[in-house]
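The structure appears right after this line, and notes come after that.
Because the structure is a prediction, the values reported are computed rather than measured.
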Amino acid sequence: AKAGDKVFAGTLNLAAPITITVTAVGEGTLLAEIVRLMEAAEQGRARYVRLADRVARVYAPAVHALAASAFVGWWLIGGVGWETAMMIAVAVLIITCPCALGLAVPVVQVVASGRLLRHGVLLKSADGLERLAQVDTVAFDKTGTLTTGRLSLMNGAEIASADLAAAAALARHSRHPLSRALVAAAGDVELPEADHVSELPGHGLCGCIAGKDARLGRRAWCGIATTDEDTSALGAEIWLAVAGSRPVRFVLADTLRPDAAATINVLRRMALECLLLSGDRETAVEDIAARLGMEKFAASCLPDEKVAWLEALAKTGRKVLMVGDGLNDAPALAAGFASMSPSTAADISQTAADAIFQGDALAPVAATIRTARLVDRLVRQNFALALTYNLIAVPVALAGLATPLVAAVAMSSSSLVVTLNALRLRLMPWQER
């Protein structure tokens with residue numbers, strides 16, 4: 001950061017004190033803008049009404065009307081006594097009890113929610129699975145989503161252990177992310193003593209190691225000339241300059257999640273298009289996209305620009321699952337047709353997401369979509385089973401061929417059938433083979 005740069009509420013300052021000028025408060029802040037974007041996106045979800053609720057509104061009155069018609073028909077037209085007509089009407093009421101229809105969706109969702117929880121996925125939205133089953137595009141954020149969000153040493157194989165130890169000896173006196181990554185890279189290596197260490201914000205650290213002046217930080221501050229061939233385009237670089245020794249360059253970069261490439265391949269086999277939307281610089285985003293084989297990507301995206309991307313895709317008929325973790329991803333998560341976040345995401349992003357997955361693996365994204373598709377299939381099967389049952393059982397009851405006891409057994413059996421069909425989800429594999 002340099003003088004004149006913008007800083008936003010919630011930003012962590014890990015180095016020396018800084019002087020800031022407040023240019024926006026209340027509704028004028030970035031956080032307020034993010035909240036407005038989320039609220040605008042959420043309004044689009046009111047149209048999702050559960051199919052079972054729509055059916056239930058007309059089912060109960062229709063069944064009672066059918067039972068009343070059976071009673072009147074058998075008593076006044078069929079020529080039987082009112083007691084017999086009443087027993088037929090009761091059998092119609094029992095056999096048409098909407099238990100199977102009422103269980104068709106909830107029992108599958110309960111089994112699916114348990115299955116997701118066992119694999120570290122928390123489903124937050126009641127209709128999240130219904131929307132996840134329909135997605136045809138997956139949009140990923142980069143840092144913290146496709147990547148681990150933790151810097152690691154990329155050129156460690158080229159660096160002598162003594163040089164890494166010297167750099168870590170200086171770096172352990174700073175809380176800067178690059179310094180902390182160097183200390184982590186050193187691991188259990190014994191570090192030399194570093195004396196008179198001081199930090200110059202924006203430049204680096206200086207001190208003495210074994211009686212020699214040492215600097216760790218920016219290339220220019222360490223007295224190293226800039227050349228095109230040794231400038232890191234894809235990662236952050238930090239230099240160690242010890243008096244009397246050759247300068248050493250450390251390249252640190254965010255690393256992909258261990259199964260990121262495999263997960264993208266699985267999503268493609270599921271006929272899903274994948275794209276990358278990131279606020280990072282273009283070189284870093286292009287590198288990650290190339291490594292994952294993602295042809296569509298956008299870099300340097302602001303929160304409203306990510307929302308604009310999703311809205312443009314929606315206008316073309318695409319149903320996009322947004323996967324992100326940062327504060328600036330929250331509006332996009334709310335704007336997406338469906339959304340998921342890792343458990344390490346910002347609180348506001350977890351609030352906006354339909355599902356949250358745990359662990360360092362990205363595989364739960366594909367597995368959750370697969371589960372949602374299986375749920376959709378089982379729900380359709382349950383509706384078909386309930387409809388078939390009613391098409392067979394109702395005429396039998398109206399014909400007076402079923403006693404109330406037989407009707408009760410038939411009704412219970414239909415509920416048992418849809419429940420057992422839903423439980424088949426527990427036997428299906430979690431991930432695609």
### Within 45° cone and under 6.0 Å: Arg215 NZ/CZ vs Trp239 ring
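Pair Arg215/Trp239 does not count as cation-pi.
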Under 3.5 Å side-chain donor-acceptor pair for [X] and [Y]:
{"X": "Ser349", "Y": "Ser341", "value": "no"}
{"X": "Arg172", "Y": "Ser179", "value": "no"}
{"X": "Arg373", "Y": "Gln134", "value": "no"}

Please answer whether the main-chain N or O of [Y] pairs with a side-chain N or O of [X] as donor and acceptor at a distance below 3.5 Å.
{"X": "Thr137", "Y": "Val320", "result": "no"}
{"X": "Asp136", "Y": "Leu272", "result": "no"}
{"X": "Thr316", "Y": "Leu313", "result": "yes"}
{"X": "Arg115", "Y": "Arg426", "result": "no"}
{"X": "Arg257", "Y": "Thr148", "result": "no"}
{"X": "Thr147", "Y": "Gly144", "result": "yes"}
{"X": "Tyr389", "Y": "Ile95", "result": "yes"}
{"X": "Arg370", "Y": "Pro429", "result": "yes"}

Kindly compute the distance separating [atom1] ([X]) from [atom2] ([Y]), expressed to the nearest 0.5 Å.
{"X": "Arg249", "Y": "Ile159", "atom1": "CZ", "atom2": "CD1", "result": "9.0 Å"}
{"X": "Ile224", "Y": "Arg218", "atom1": "CD1", "atom2": "CZ", "result": "13.0 Å"}
{"X": "Asp325", "Y": "Thr145", "atom1": "CG", "atom2": "OG1", "result": "4.0 Å"}
{"X": "Ser278", "Y": "Leu146", "atom1": "OG", "atom2": "CG", "result": "9.0 Å"}
{"X": "Lys296", "Y": "Trp309", "atom1": "NZ", "atom2": "CH2", "result": "7.0 Å"}
{"X": "Leu252", "Y": "Ser152", "atom1": "CG", "atom2": "OG", "result": "7.0 Å"}

Decide yes or no for [X] and [Y]: does some side-chain heavy atom of the first lie under 4.5 Å from some side-chain heavy atom of the second?
{"X": "Phe140", "Y": "Leu362", "value": "yes"}
{"X": "Asp376", "Y": "Leu129", "value": "no"}
{"X": "Phe297", "Y": "Leu277", "value": "no"}
{"X": "Lys212", "Y": "Ile209", "value": "no"}
{"X": "Asp354", "Y": "Leu132", "value": "no"}
{"X": "Val121", "Y": "Ile356", "value": "no"}
{"X": "Asn382", "Y": "Thr419", "value": "no"}
{"X": "Arg268", "Y": "Glu273", "value": "no"}

### Task
Just say parallel, tilted or perpendicular for the rings of Trp221 and His203, cut-offs at 30° and 60°.
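Aromatic pair Trp221/His203 classed tilted.
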### Query
In chain order, what residues pass the ring pair (Phe, Tyr, Trp, His ring centres under 6.0 Å) check against His64, with sequence neighbours excluded?
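Checked His64 against ring pair (Phe, Tyr, Trp, His ring centres under 6.0 Å); zero matches.
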### Message
More than 12 heavy atoms of other residues, nucleotides or ligands under 6.0 Å from CZ of Arg291: yes or no?
### Response
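Atom CZ in Arg291 is packed in, count exceeds 12.
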